[in-house]
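The structure appears right after this line, and notes come after that.
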Number of protein chains: 2
Amino acid sequence: IIVTRNLRRAYEMGSETVHALRGIDLTIRRNEFVAIMGPSGSGKSTLMNMIGCLDSPTEGQYWLNGHPVWELGDNELARIRNKEIGFVFQTFNLLPRATALQNVELPMVYAGMPSKRRREAAAGALDRVGLTDRMHHRPNELSGGQRQRVAIARALVNLPSILLADEPTGNLDSKTSAEILELFEHLFDEGQTIILVTHEHDIAEHARRQVHLLDGLIERDIATEKA
Amino acid sequence: IIVTRNLRRAYEMGSETVHALRGIDLTIRRNEFVAIMGPSGSGKSTLMNMIGCLDSPTEGQYWLNGHPVWELGDNELARIRNKEIGFVFQTFNLLPRATALQNVELPMVYAGMPSKRRREAAAGALDRVGLTDRMHHRPNELSGGQRQRVAIARALVNLPSILLADEPTGNLDSKTSAEILELFEHLFDEGQTIILVTHEHDIAEHARRQVHLLDGLIERDIATEKA
Ligand SMILES: Nc1ncnc2c1ncn2[C@@H]1O[C@H](COP(=O)(O)OP(=O)(O)OP(=O)(O)O)[C@@H](O)[C@H]1O
Ligand SMILES: Nc1ncnc2c1ncn2[C@@H]1O[C@H](COP(=O)(O)OP(=O)(O)OP(=O)(O)O)[C@@H](O)[C@H]1O
Ligand SMILES: [Mg+2]
Ligand SMILES: [Mg+2]
C-alpha cells in the first residue's frame, strides 16, 4: 500500500524555483490498477520517482507498505526498492554495453540469485515480451520499441509486488502495446499492484482508476468503467 | 523529392544476419505529408535514417532531390543534410550539457549563422512548441515530453524543406500532441515535405498518405481520406 501526504517536490534553479509537485495526497491499496495521466510537464514522472523511492520529496510524507520512507537510510531503501518494486523508466535506462539478457538479469544480480536460475528467469521474461530472438543484442542493436520491451522485462523479472511503468507503450505499435497490456492484466489478476503513466486513452482504459495531474496537483481521481 | 530503389539494410551479428530492410522502392514528391507505420522492429527508424542520410544502405540506390546519395562524400552529404533536412530522432539525441536554447541553435551553428540571429530564431522555435519558460533548462531538467519538443524545435529552426520526425508525439499528452500536429500542418501548408513515423492512428490520420512496413518491406501504401 502506498500513502502520500502533502508530497512536494521543488527544483531550485538559480533565481527561479520550479514546483513539479505542489502537495499530493494519494492512497493506493494492494492489487489496484491505476493510470496516472496529465499534460506534458504536469509532474507524472516526478511522482513516479517518489513512489519508486528513487527521489526524495522536498516536503511531505510517504509510507510504502507501512514503512515511513523518508526515515529510511539509503541501503534499506535500496533493499525495499529492489525486492518490492519493478520500475519501467520513460527513458528505459538500459546498460548500453550489456545484452538484452544481461540487462534483464540485473535485478536478480542485486538480489544475489545464482547465475543459472537468473539466466533462465531472464530468458523467460524476454520471451513474455516477444524478444527471444533479440536476447544477445545490445540496446543500440535494437529498435526503440524493442528497447522499451527489454525495460519492461527487467521490471517484471523479480516478480515485484508493485509495478511502476512510466509510458510503457510510448514506442510500441498497437498490436505490441496490446500484448504488453495483456501481460499487465495477467499480473494484476495474479495480485500485483500496477501503476502506469500513460497519455494514451486506450491504454488508460485498462486501468480500474485514473489519477489526473495538472501542474503538480491531482485534478481528478476517478474509477473507470472497468473498475 | 525522394526516390529509393531496392533499398536494403542488413546487420551482420556474428553468425546471424538481421535484415532490417529487404528491398524498399519508395517515391515521395515535394510537399507530400506521409506517415510511416508498422510493428515494432519492422524497419521504420532504419528507413528514416536512410532517407535522412544518416546511414548507408547495404544494397540499393537512393536519390535525394536528384542527387545520387550513395555517390556523395561525407562532407557533401553533411552539407545537404544540414541544409535540406530537419530530423526529430526517436531518442531525441539532445546534447546533455547544453540548454534547450543552445540545443535548438545547433543546426544554425553548423550553417554559420551570426549568434544574435541564431538566438532569436531558436527562441522563436521554442516558443512555437510552448517551451519559452524552459529555455535555459538542460535536458535532465526537463520532462520527457519537454525534451521531445526541444528536439522538434531543433529540427524546424533551419526551415528545412524536408522534415523527418520519428515518433514525434510518443511522450506527449493529447493536447500537446495536437499542438505539434497543428504546427506540422502549418509547415505542410507552407510547402514543406513532412515524413513522420508514428504508431498512433489519430496522428497518422493527419497525413495524406500512409506507408505500412512489415518485416523490412512495404506492405501497403495508401492515400488517406484527407488526401
Ligand atoms: N545496430 C543494429 N544491429 C542489429 N540489429 C539491429 C540494429 N539496429 C536495428 N536492428 C534491428 O533491425 C530491426 C529494425 O529496427 P528499426 O529500429 O528500424 O525498427 P522500428 O520499426 O523503428 O521499430 P520501433 O517501432 O520499435 O522503433 C529490428 O528488429 C532491430 O532489432
Ligand atoms: N531536474 C529538474 N530541474 C528543474 N526542473 C525540472 C527537473 N526535472 C523536472 N523538472 C520540471 O518539473 C516539471 C515536471 O516534470 P515531470 O518529468 O514530472 O513531468 P511529466 O508529467 O512526466 O511530463 P512528460 O509527460 O512530458 O513526461 C516539468 O515542468 C519539468 O520541466
Ligand atoms: Mg514524464
Ligand atoms: Mg523506431
Side-chain angles (χ1 to χ4, degrees), chain A residues 11-16 18 20 37-46 48-49 89-92 99 129-131 133-149 166-167 169-180 197-204 212-214, chain B residues 11-16 18 20 37-46 48-49 89-92 99 129-131 133-149 166-167 169-180 197-204 212-214:
Chain A
Y11 296 103
E12 304 290 334
M13 298 195 62
S15 56
E16 184 204 317
V18 175
M37 310 181 73
S40 174
S42 56
K44 304 180 297 293
S45 296
T46 303
M48 289 290 267
N49 291 342
F89 293 89
Q90 189 171 8
T91 49
F92 316 158
T99 65
V129 297
L131 284 179
D133 59 346
R134 292 285 181 272
M135 204 184 285
H136 303 297
H137 284 229
R138 280 189 228 147
N140 67 336
E141 297 166 339
L142 294 171
S143 79
Q146 289 169 343
R147 281 192 289 263
Q148 186 152 44
R149 283 181 276 161
D166 196 342
E167 298 280 1
T169 61
N171 279 280
L172 301 178
D173 59 289
S174 11
K175 184 164 161 291
T176 312
S177 274
E179 288 165 13
I180 294 295
V197 169
T198 185
H199 63 275
E200 298 184 64
H201 286 275
D202 45 354
I203 305 292
H212 290 257
L213 295 188
L214 186 63
Chain B
Y11 295 103
E12 306 289 333
M13 299 196 62
S15 55
E16 184 204 316
V18 175
M37 309 180 73
S40 172
S42 55
K44 305 180 295 293
S45 295
T46 303
M48 290 290 267
N49 291 342
F89 293 89
Q90 187 169 10
T91 49
F92 316 158
T99 64
V129 297
L131 284 179
D133 59 345
R134 291 286 181 273
M135 205 183 284
H136 303 298
H137 284 228
R138 279 187 231 146
N140 69 336
E141 296 166 339
L142 294 171
S143 78
Q146 290 169 343
R147 282 192 287 262
Q148 184 152 43
R149 285 181 276 161
D166 196 342
E167 298 282 0
T169 61
N171 279 281
L172 301 177
D173 58 289
S174 15
K175 184 167 161 290
T176 312
S177 272
E179 287 165 13
I180 294 297
V197 170
T198 185
H199 65 274
E200 299 185 62
H201 286 275
D202 45 354
I203 304 294
H212 290 257
L213 295 189
L214 185 62

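Keep in mind that this is a model prediction, so the values were computed, not measured. A, B, ... follow the sequence lines: proteins, then strands. Residue 1 opens every chain.
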Q: Measure B:S42 against the heavy atoms of chain A and call it side chain, backbone, both or neither at under 4.5 Å.
A: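 For B:S42, neither part sits under 4.5 Å from chain A.
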Q. Which region of B:V197, side chain (C-beta onward) or backbone (N, CA, C, O), has a non-hydrogen atom less than 4.5 Å from a non-hydrogen atom of chain A, or is it both or neither?
A.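 For B:V197, neither part sits under 4.5 Å from chain A.
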Q | Heavy-atom pair count under 4.5 Å with chain A, highest-scoring of B:L172, B:D166, B:D202 | A |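 Winner by heavy-atom pair count: B:L172.
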Can you list, pair by pair, the side-chain donor-acceptor contacts under 3.5 Å of residues 133-141 of chain B, counting residues two or more places apart and other chains?
unit_1 : atom_1 : unit_2 : atom_2 : d
B:H137 : ND1    : B:E141 : O      : 2.8
B:E141 : OE1    : B:R138 : N      : 3.0

Q: Would you name the heavy atoms of B:N171 and A:E167 that are closest together and state the gap between them?
A: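 Shortest heavy-atom contact: OD1-CG, 4.2 Å.
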(Q) Among A:E200, A:K175, A:H201, which residue has the highest count of heavy-atom pairs closer than 4.5 Å to chain B? (A)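 The candidate making the most pairs under 4.5 Å is A:E200.
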Q: Return the set of residues passing side-chain hydrogen bond (donor to acceptor under 3.5 Å, both in side chains) with A:T91 (not counting sequence neighbours), or none when no residue passes.
A: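 For A:T91, the residues satisfying side-chain hydrogen bond (donor to acceptor under 3.5 Å, both in side chains) (neighbours in sequence not counted) are A:N93.
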Q.
Quick check on A:S45 against chain B: is it the side chain, the backbone, both or neither that has a heavy atom closer than 4.5 Å?
A.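 A:S45 has no heavy atom closer than 4.5 Å to chain B.
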Q | Residue part contacting chain B, namely of A:T198, when any heavy atom lies under 4.5 Å | A |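 Neither part.
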Q.
Consider side chain to side chain donor-acceptor pair (under 3.5 Å). Of A:R147, A:R149, A:Q146, A:Q148, which one does B:S40 pass it with?
A.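 When A:R147, A:R149, A:Q146, A:Q148 are each tested with B:S40, the side chain to side chain donor-acceptor pair (under 3.5 Å) holds only for A:R149.
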